[in-house]
**Student:** 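Quick one: the structure is below, questions incoming.
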Amino acid sequence: MPEEFTNMTIMTGFLLMGFPDDSAMQTLHAVLFFIIYLAALMGNLLIVTLTTTDQHLQSPMYFFLRNLSLIDICYISVTVPKSIMDSLANTHTISFLGCASQLFLVIFFAGTEYALLIVMSYDRYAAICHPLHYDTIMSSGACVQMVTASWLSGCVYGSIHVAGTFSVNFCGQNIVHQFFCDVPSLLTLACSGEHVLETAFIIASCCFAFVCFILMVVSYVHIFSTVLRIPSAKGRMKALSTCIPHLTVVTLFLFSGIITYLAKNLKSTSSLKMLISVFYTVLPPTLNPLIYSLRNKDVQTALGKLIARKMSSIFP
């Protein structure tokens, strides 16, 4: 029997060994992840609450922001709670089905967020470059269709990569040097020459993502050229203030993701690669509410009114 078949392993589960086995480090990781997770939940739930209850935050931009916060809640909840429980219980196993589900959900929510960020750039383009037709272009029906398309595209994206990743045969140990199941870490366990299909999917998806990114860049080229033609400095700053949070979130999301997947091909330690992955999966969902709430006066005003209502109910 050929050697590649004798070394083939039927995987029934995996070991997620992203963090060191030292008990003190495990406890520190659990505490830090819990604080970050709690901050992300509170920030994104606050955005959802404000954009749902405040009548002044019912424009398409805040409708998309509410969906972005919902995605971020789901995105960070896929990986961080299990990682915390694994560290506290000192058990790092995950079943084959659990690993496939986690991989699907991570890619699903990441893909949905990327698609929604593209939609949000189009919203800013319509608002600044075509203000007279904005209400027609970004009608409630059109907004719902765009958000639905974002969620569906994320679902298709996740399904394709799960099918490609788990179509391979795994050889050797079942240790995943990561704190969650991701494509690059799992492909390192594949038998030689087995990951051609998933590599093709990755190349195709990267090409498609790059085309979408170019469309986003073109939108902002039109936006900035329009802003520069606004006669008053106050008007230019007001227009730019609605774009800066979105640009910051896009930069954070893309930069952290690019660094993560470039690091997979670099000759660096697994601890460094795992740390970079933390920035990709944990940082954007945690910082997105902070970026929007600190720079957006409408959100700040809505937050002030919410706090005032709560205080008046406590101290009538």
**Student:** Hey, does Pro60 have a side-chain heavy atom less than 4.5 Å from the side chain of Tyr134?
**Tutor:** yes
**Student:** Report yes if some heavy atom in the side chain of Tyr75 is under 4.5 Å from a heavy atom in the side chain of Glu113; otherwise report no.
**Tutor:** yes
**Student:** Looking at Phe34, I'd like to know if its CZ atom is crowded, meaning that more than 12 non-hydrogen atoms belonging to other residues, nucleotides or ligands lie closer than 6.0 Å.
**Tutor:** no
**Student:** Is there a chain of hydrophobic side chains (I, L, V, M, F, W, Y, each step under 4.5 Å between heavy atoms) that links Leu283 to Met42?
**Tutor:** yes
**Student:** Nearest 0.5 Å, please: how far is OG1 in Thr248 from CG in Leu287?
**Tutor:** 10.5 Å
**Student:** Kindly compute the distance separating CD1 (Ile36) from OG1 (Thr286), expressed to the nearest 0.5 Å.
**Tutor:** 6.0 Å
**Student:** Look at the side chain of Gln58 and the backbone N and O of Thr51, then say whether any donor-acceptor pair between them is shorter than 3.5 Å.
**Tutor:** yes
**Student:** Would you say His92 and Ser87 are linked by a side-chain donor-acceptor pair, where the criterion is simply a distance under 3.5 Å?
**Tutor:** no
**Student:** Counting only heavy atoms not in Phe213, do more than 12 sit closer than 6.0 Å to its CZ atom?
**Tutor:** no
**Student:** Once you round to the nearest 0.5 Å, how far does OG of Ser153 lie from CG of Leu116?
**Tutor:** 9.5 Å
**Student:** Test Ser69 against Asn288 for side-chain contact (heavy atoms from CB on, under 4.5 Å), laying out the working first.
**Tutor:** CA-CA 8 Å; Ser69 292; Asn288 285 354; over 6 Å; no
**Student:** Compare every heavy atom of Ala126 with every heavy atom of Ile137, then report the nearest pair and how far apart it is.
**Tutor:** CG2-CB, 4.1 Å
**Student:** Mind checking whether Val106 and Val176 sit in one hydrophobic cluster, side chains of I, L, V, M, F, W, Y counted as touching below 4.5 Å?
**Tutor:** yes
**Student:** Report yes if the distance between the aromatic ring centroids of His130 and Tyr125 is under 6.0 Å, otherwise no.
**Tutor:** yes
**Student:** If only atom types and distance count, is the side chain of Tyr114 paired as donor or acceptor with the main-chain N or O of Ala209 below 3.5 Å?
**Tutor:** yes
**Student:** Taking the side chain as every heavy atom from C-beta outward, state whether Phe63 and Val144 have any atom pair closer than 4.5 Å.
**Tutor:** yes
**Student:** Can a donor-acceptor pair be found, under 3.5 Å and without considering hydrogens, that links the side chain of Ser139 to the backbone of Asp135?
**Tutor:** no
**Student:** Do Arg229 and Ser225 make a side-chain contact, defined as non-hydrogen atoms from C-beta onward lying under 4.5 Å apart?
**Tutor:** yes
**Student:** Would you say Leu38 ends up clustered with Ile84 if hydrophobic residues are merged whenever their side chains have heavy atoms under 4.5 Å apart, either directly or through other cluster members?
**Tutor:** yes
**Student:** Are Met237 and Leu247 in one and the same hydrophobic cluster, where Ile, Leu, Val, Met, Phe, Trp and Tyr link if side-chain heavy atoms are under 4.5 Å apart?
**Tutor:** no
**Student:** State which residues pass salt bridge (Lys or Arg N to Asp or Glu O under 4.0 Å) with Asp72; sequence neighbours excluded, sorted by chain then number.
**Tutor:** none
**Student:** In sequence, state the C-alpha distance, the side-chain angles, and the governing distance for Lys82 and Ile94, and then conclude on side-chain contact (heavy atoms from CB on, under 4.5 Å).
**Tutor:** CA-CA 10 Å; Lys82 176 168 175 51; Ile94 185 170; 3.8 Å; yes
**Student:** Does a donor on one side chain sit under 3.5 Å from an acceptor on the other, for Tyr62 and Asp54?
**Tutor:** no
**Student:** Measure the acute angle between the ring planes of His161 and Tyr157, then classify it against the limits of 30° and 60° as parallel, tilted or perpendicular.
**Tutor:** perpendicular
**Student:** Do side-chain atoms of Ser185 reach the backbone of Asp182 as a donor and acceptor pair under 3.5 angstrom?
**Tutor:** no
**Student:** Give a yes or no on whether the ring-centroid distance for Phe104 and Phe108 is below 6.0 angstrom.
**Tutor:** yes
**Student:** As an exercise, state the distance from OH of Tyr220 to SG of Cys129, rounded to the nearest 0.5 Å.
**Tutor:** 10.5 Å
**Student:** Which heavy atom in Ser121 sits nearest to a heavy atom in Ile223, and how many Å separate them?
**Tutor:** O-CD1, 4.2 Å
**Student:** Quick check on the 6.0 Å ring-centre criterion: do Phe96 and Phe166 meet it?
**Tutor:** yes
**Student:** Under a 4.5 Å cut-off applied to non-hydrogen side-chain atoms, are Ile76 and Val282 in contact?
**Tutor:** yes
**Student:** When rounded to the nearest 0.5 angstrom, what is the spacing between CD1 in Ile71 and CZ in Phe109?
**Tutor:** 8.5 Å
**Student:** As an exercise, state the distance from CD1 of Ile107 to OG1 of Thr165, rounded to the nearest 0.5 Å.
**Tutor:** 6.0 Å
**Student:** Look only at the side chain of Asn44 and the backbone of Pro289, and say whether a donor-acceptor pair between them is shorter than 3.5 Å.
**Tutor:** no
**Student:** Kindly indicate whether the side chain of Ile118, heavy atoms from C-beta on, has any atom under 4.5 Å from the side chain of Val250.
**Tutor:** no
**Student:** For Phe170 together with Phe14, are the ring centres under 6.0 Å from each other?
**Tutor:** yes
**Student:** For a side-chain contact (heavy atoms from CB on, under 4.5 Å) check, start with the C-alpha distance between His29 and Leu32, then their side-chain angles and the critical distance, and finish with the verdict.
**Tutor:** CA-CA 5 Å; His29 150 248; Leu32 288 176; 6.0 Å; no
**Student:** Strictly distance-based, threshold 3.5 Å: is any side-chain N or O of Ser83 a donor or acceptor partner for the main-chain N or O of Thr79?
**Tutor:** no
**Student:** Do Cys243 and Val227 make a side-chain contact, defined as non-hydrogen atoms from C-beta onward lying under 4.5 Å apart?
**Tutor:** no
**Student:** One pair to check against side-chain contact (heavy atoms from CB on, under 4.5 Å): Tyr122 and Met216. What are the steps and the verdict?
**Tutor:** CA-CA 8 Å; Tyr122 179 70; Met216 195 184 302; over 6 Å; no
**Student:** So Leu16 and Gln178, do their side chains get closer than 4.5 Å, heavy atoms only?
**Tutor:** no
**Student:** Can you name the closest pair of heavy atoms from Leu88 and Ala30 and give their distance?
**Tutor:** CD2-CB, 3.7 Å
**Student:** Cluster question for you: counting only ILVMFWY and a side-chain heavy-atom cut-off of under 4.5 Å, with indirect links fine, are Leu290 and Leu46 together?
**Tutor:** yes
**Student:** Would you mind telling me which of Leu65, Thr301, Leu57 makes a side chain to side chain contact (heavy atoms under 4.5 Å, CB included) with Leu50?
**Tutor:** Leu57
